[in-house]
Amino acid sequence: MWVFGYGSLLWNPGFEVAEQMVARLDGWHRSFCMRSIHHRGTEAHPGLVLALDAEEGAHCQGLALKVAQGHETQTLDYLRERELVSSAYLEKTLPLALSDGRQVEAVTYVIDPHHVQYCHLALQEQAEIIATAVGGRGPNTEYLHNTASHLFELGIEDADLKWLSQEVYRLTAV
């Protein structure tokens, strides 16, 4: 069983990973298009978290994470509890192209574009929200910076996340 990580799963998978490899998912792009009312914000002050938003011609690079053999059921249970807390994500099995040329099917969490937590905001508005929101798993800034730094370490270019990280650092500088 493979899982596609494009946000916090990059730096905090929460399950035993037997193999990981940079991978590409076609037809989707990474975006701060989900309001977070649990993990990185509250209902009173929602934060933003990444989701995969469908877009023709788009692609997203992330990590394919192979679940350790014998841990598939408990991993899926864990991921569903973690990712489906508000039903804004949909669980799909989607094709990934691994950087070594292999093709695999991976459990992937994508945004439900009809869910109330779905949003499309300008990058500056995203930065302003992320700079101040805090939820049950900590500050929204931590989520952004961890994701941006792990993408950089993996050699994955994401211009929007790079800009957001720099802007949030600017907004939160003392």
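- Between D160 and K162 there is no salt bridge, since no side-chain N of the basic residue sits under 4.0 Å from a carboxylate O of the acidic one.
- H38 places a side-chain heavy atom less than 4.5 Å from the side chain of S86.
- Taking all atoms of both residues into account, the shortest heavy-atom contact from A64 to W2 is CB-CE3, 3.5 Å.
- Hydrophobic clustering, with ILVMFWY side chains joined whenever heavy atoms are under 4.5 angstrom apart, keeps I156 apart from F152.
- Residues S36 and H39 come closest through the heavy atom pair OG-N, 3.5 Å.
- By the 4.5 Å heavy-atom criterion applied to side chains, V107 and E91 are counted as neighbours.
- Under a hydrophobic clustering in which Ile, Leu, Val, Met, Phe, Trp and Tyr are joined whenever their side-chain heavy atoms come within less than 4.5 Å, directly or via other members, L121 and I37 fall into different clusters.
- In terms of heavy-atom proximity, R30 sits nearest to Q61 at NH2-O, 2.8 Å.
- With sequence neighbours left out, the ring-ring contact (aromatic ring centres under 6.0 Å, His included) criterion links Y78 to no other residue.
- Of the possible polar contacts, none joining the S165 side chain to the L161 backbone as a donor-acceptor pair under 3.5 Å is found.
- Y6 places a side-chain N or O within donor-acceptor distance of the main-chain N or O of Y109, the cut-off being under 3.5 Å.
- Shown here for L90 and I111, the closest heavy-atom pair between the two residues is CD1-O, 4.2 Å.
- Within the 4.5 Å cutoff, side-chain heavy atoms of L171 are placed close to those of Q124.
- A heavy-atom distance below 4.5 Å is not found between the side chains of F32 and C119.
- Taking the six-membered ring for Trp and thresholds of 30 and 60 degrees, H150 and W11 have ring planes inclined between 30 and 60 degrees apart.
- With respect to E19 and R102, a salt bridge is recorded, a charged nitrogen being found less than 4.0 Å from a carboxylate O.
- Shown are K66, E72, H71; of these, the side-chain contact (heavy atoms from CB on, under 4.5 Å) with Q69 is made only by E72.
- One finds the OH atom of Y169 at 8.0 Å from the CG atom of L144 (value rounded to the nearest 0.5 Å).
- Remark: the backbone N or O of R35 is paired with a side-chain donor or acceptor of Q117 at under 3.5 angstrom.
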*Yes or no on side-chain contact (heavy atoms from CB on, under 4.5 Å) for H115 and S87, after CA distance, side-chain angles and deciding distance?*
CA-CA 8 Å; H115 196 277; S87 73; 3.4 Å; yes
*Would you sort out whether Q103 and L96 count as a side-chain contact (heavy atoms from CB on, under 4.5 Å), showing the intermediate values?*
CA-CA 6 Å; Q103 301 286 319; L96 296 182; over 6 Å; no
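- Hydrophobic clustering of Ile, Leu, Val, Met, Phe, Trp and Tyr side chains at less than 4.5 Å, counting indirect connections, unites L9 with M1.
- By the 4.5 Å heavy-atom criterion applied to side chains, L154 and L63 are counted as neighbours.
- Of the possible donor and acceptor atoms, none in the side chain of R40 sits under 3.5 Å from a partner among the backbone N and O of T141.
- Residues N12 and R82 are in side-chain contact: their nearest non-hydrogen atoms beyond the backbone lie under 4.5 Å apart.
- A heavy-atom distance below 4.5 Å is found between the side chains of H145 and V168.
- A distance-only check finds a donor-acceptor pair linking the side chain of T108 to the backbone of A106 [under 3.5 Å].
- Of all the heavy atoms in Y143 and S8, the pair that sits closest is CE1-CB, 3.7 Å.
- Rounding to the nearest 0.5 Å places CG of L94 at 7.5 Å from CD of E105.
- Both M21 and F15 are assigned to one and the same hydrophobic cluster, defined by single-linkage of ILVMFWY side chains at heavy-atom distances under 4.5 Å.
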Please output the side-chain donor-acceptor pairs of residues 44-55 that fall under 3.5 Å, not counting sequence neighbours, one pair per line with the distance.
unit_1, atom_1, unit_2, atom_2, d
H45, NE2, T132, OG1, 3.2
D53, OD1, Y118, OH, 3.1
D53, OD2, Y118, OH, 2.8
D53, OD2, H120, NE2, 3.1
E55, OE1, H29, NE2, 3.2

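- Of the inter-residue distances, the one linking R80 atom CZ with D77 atom CG reads 7.0 Å to the nearest 0.5 angstrom.
- For the residue pair E142 and R137, the shortest heavy atom distance occurs at OE1-O, 3.6 Å.
- By the rule that hydrophobic residues join a cluster once side-chain heavy atoms approach within less than 4.5 Å of another member, V110 and L84 end up as members of one cluster.
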